Structure formats: C-alpha cells, structure tokens
Amino acid sequence: SAIVRLFWYQEMQYLLPTPVPADYRVVLPNEVIEYDSTLIPRQYSKPKLLHFFSPDCPCSRFNLKHFQTLKRKYADEIDFYVVVASQEKVPEAKKLFAEKDVTILVDTDKRLAKACGIYSTPQAALIQTNNKLYFRGNYNRSRYCVDKNSNFVQMAMDSLMNQKGPPHFSELATRSYGCSISTEDKSLGLL
C-alpha cells in the first residue's frame, strides 16, 4: 500500500491532466496578449518565449535541460523569459538554470499566465512581435521531453522563424499536464 501511494504521488499524479481552474479562459493563437508593460515591454523586435516554471514541480525540473537546449539554439531570434508565481520561488529558480542571463519574471496574481491561457507548469507561451499569441502549451507529450515527434514548442518556434502560421497540434500540445500554478507572494516584478 505504501509503495503504491509513493508511486502515485511521484509518478501517476503528473500523468493526469492538471485540473482546469474555474475562472479559466481559453486563449487562442492570434489573440492579442494584454499584460502589464512593466513586466515585459510591449514593443520589441524579437518574439518572446515565456517559460512558466515552478522549482517545486518535478515536471518543471525534468524540463530544464530541454528548455536550456532551446534557449541556446534560438537565443538570437527569440527572447526567453522564465515566469514564476512568487518572489519566494526566485532563488531556487536562479539556482536551477545553468545560464546566468535568464530573465525571471514574478507573476503573482497569475495575470500574465491568465493573459496567455496558462494554468500549469511547465508550459510555454510564444508571443509574436505584434503581441499576438503564436502558441501556448506543452513542451512535449513526454514529461522527460524525449519524444522528438512531439517537441511542440520547438516545432512552433521553427514555424514562427519560417514565417508560417501557427501550427495545428493535437490536444496533447495544449491540454495542461504538470503542476498547477500557485500564488503565495503579493509582489509583481522583473528580476
């Protein structure tokens, strides 16, 4: 019984979709993303990838290497941001990212997450230079990001860089799996 509980806690709970919050609103590709311009400038020359992350989430930790690989590959074409839900999560997030040039945004009250239609970690939102959502969803259908045929974020980035319309993926790309975004801190800021 104890082994089953431990297995459930460590593995099975992350295979189930993250519960959808009651106030959730779907945000579709090509919708303009409205957010606090003190968090991210509204006018910019490169698309933005917002990486919604929680250092407490095992799925986010499994995703670190994949995120860092994408950042190294696309850093010249896309600006990368790591988004955490509270100020308390910043020190641990800074320790986990190998690159010291990662910008960490603190999104208390989940305003940025809600604007992008995100309610779990790890998730990504790819925003075009005109502030329109290009893609939001999972990095991969595998929590270990090892299935190259479902590297949704990478495929979306390639499509954007090739100036194509937003890709159409199966529900596996957009149905949230992982950890719910929580808020514990009441400050909002850029670090």
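Note that the coordinates shown come from a computational prediction; the quantities given were computed from them, not determined experimentally. We number each residue from 1, following the sequence as shown.
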*Would you say Lys65 has more than 12 foreign heavy atoms packed within less than 6.0 Å of its NZ?*
no

*Is there a ring pair (Phe, Tyr, Trp, His ring centres under 6.0 Å) between Phe67 and Phe97 once you walk through the steps?*
CA-CA 9 Å; Phe67 172 79; Phe97 286 93; 5.5 Å; yes

*What pair of heavy atoms forms the shortest contact from Pro91 to Gln87, and how long is it?*
CD-O, 3.6 Å

*CD1-CG distance between Ile127 and Leu160, expressed to the nearest 0.5 angstrom*: 11.5 Å

*asked:* What's the separation between atom OG1 in Thr121 and atom NE2 in His51, rounded to the nearest 0.5 Å?
replied: 8.0 Å

*Would you check if the side chain of Arg61 reaches a backbone N or O of Pro55 as a donor-acceptor pair within less than 3.5 Å?*
yes

*Find the distance between CE (Met157) and CG (Asn162) and round it off to the nearest 0.5 Å.*
12.0 Å

_Looking at Ser120, is its backbone amide N or carbonyl O close enough to the side chain of Gln123 to form a donor-acceptor pair, meaning the two atoms are under 3.5 Å apart?_
no

*Within the distance-only criterion (no hydrogens, no angle test), does the side chain of Lys164 pair as donor or acceptor with the backbone N or O of Asp158 below 3.5 angstrom?*
no

*With no hydrogens and no angle check, is any side-chain donor or acceptor of Asp109 less than 3.5 Å from a backbone partner on Arg111?*
no

_Walk me through whether Lys114 and Asp23 qualify under side-chain contact (heavy atoms from CB on, under 4.5 Å)._
CA-CA 9 Å; Lys114 286 179 181 180; Asp23 63 344; 3.0 Å; yes

_Ignoring hydrogens, what is the shortest heavy-atom contact between Ala124 and Ile118? Give both atom names and the distance._
O-CD1, 3.5 Å

*Between OG1 of Thr108 and CG of Leu105, what distance do you get to the nearest 0.5 Å?*
11.0 Å

*Could you walk me through whether Cys179 and Cys59 pass the disulfide bond (SG atoms under 2.5 Å apart) check?*
CA-CA 7 Å; Cys179 305; Cys59 299; 5.0 Å; no

*Polar side chain donor-acceptor pair, Ser54 to Ser60, under 3.5 angstrom*: no

*Do Tyr74 and Leu49 come within less than 4.5 Å of each other through their side chains, counting heavy atoms only?*
no

*Pick one: which of Ile33, Asp107, Val27 meets side-chain contact (heavy atoms from CB on, under 4.5 Å) with Cys116?*
Ile33

*Does one hydrophobic cluster hold both Met155 and Met161, with members joined at side-chain heavy-atom distances below 4.5 Å?*
yes

*Are the charged groups of Glu31 and Arg136 less than 4.0 angstrom apart, N to O?*
no

*Leu64 versus Phe53: any side-chain heavy-atom pair under 4.5 Å?*
yes

_For Ala125 against Phe52, the heavy-atom pair lying closest together_ = CB-CE1, 4.1 Å

*If only atom types and distance count, is the side chain of Tyr134 paired as donor or acceptor with the main-chain N or O of Gly165 below 3.5 Å?*
yes

*Which heavy-atom pair separates Val83 from Leu112 by the least distance, and what is that distance?*
CG2-CD2, 4.1 Å

*How close do Pro166 and Asn30 get, heavy atom to heavy atom, and via which atoms?*
CG-ND2, 4.0 Å

*At their closest point, which heavy atom of Ile78 faces which heavy atom of Lys46, and how far apart are they?*
N-CD, 4.0 Å

*asked:* With rounding to the nearest 0.5 angstrom, report the CZ to OG distance, Phe135 to Ser159.
replied: 11.0 Å

*List in chain and number order the residues that pass side-chain hydrogen bond (donor to acceptor under 3.5 Å, both in side chains) with Tyr119, two or more places apart in sequence or in another chain; answer none if no residue qualifies.*
none

*Same cluster for Tyr24 and Leu28 if Ile/Leu/Val/Met/Phe/Trp/Tyr side chains link at under 4.5 Å?*
yes

*Reported CG-to-OH distance for the pair Leu70 and Tyr139, which is rounded to 0.5 angstrom*: 7.0 Å

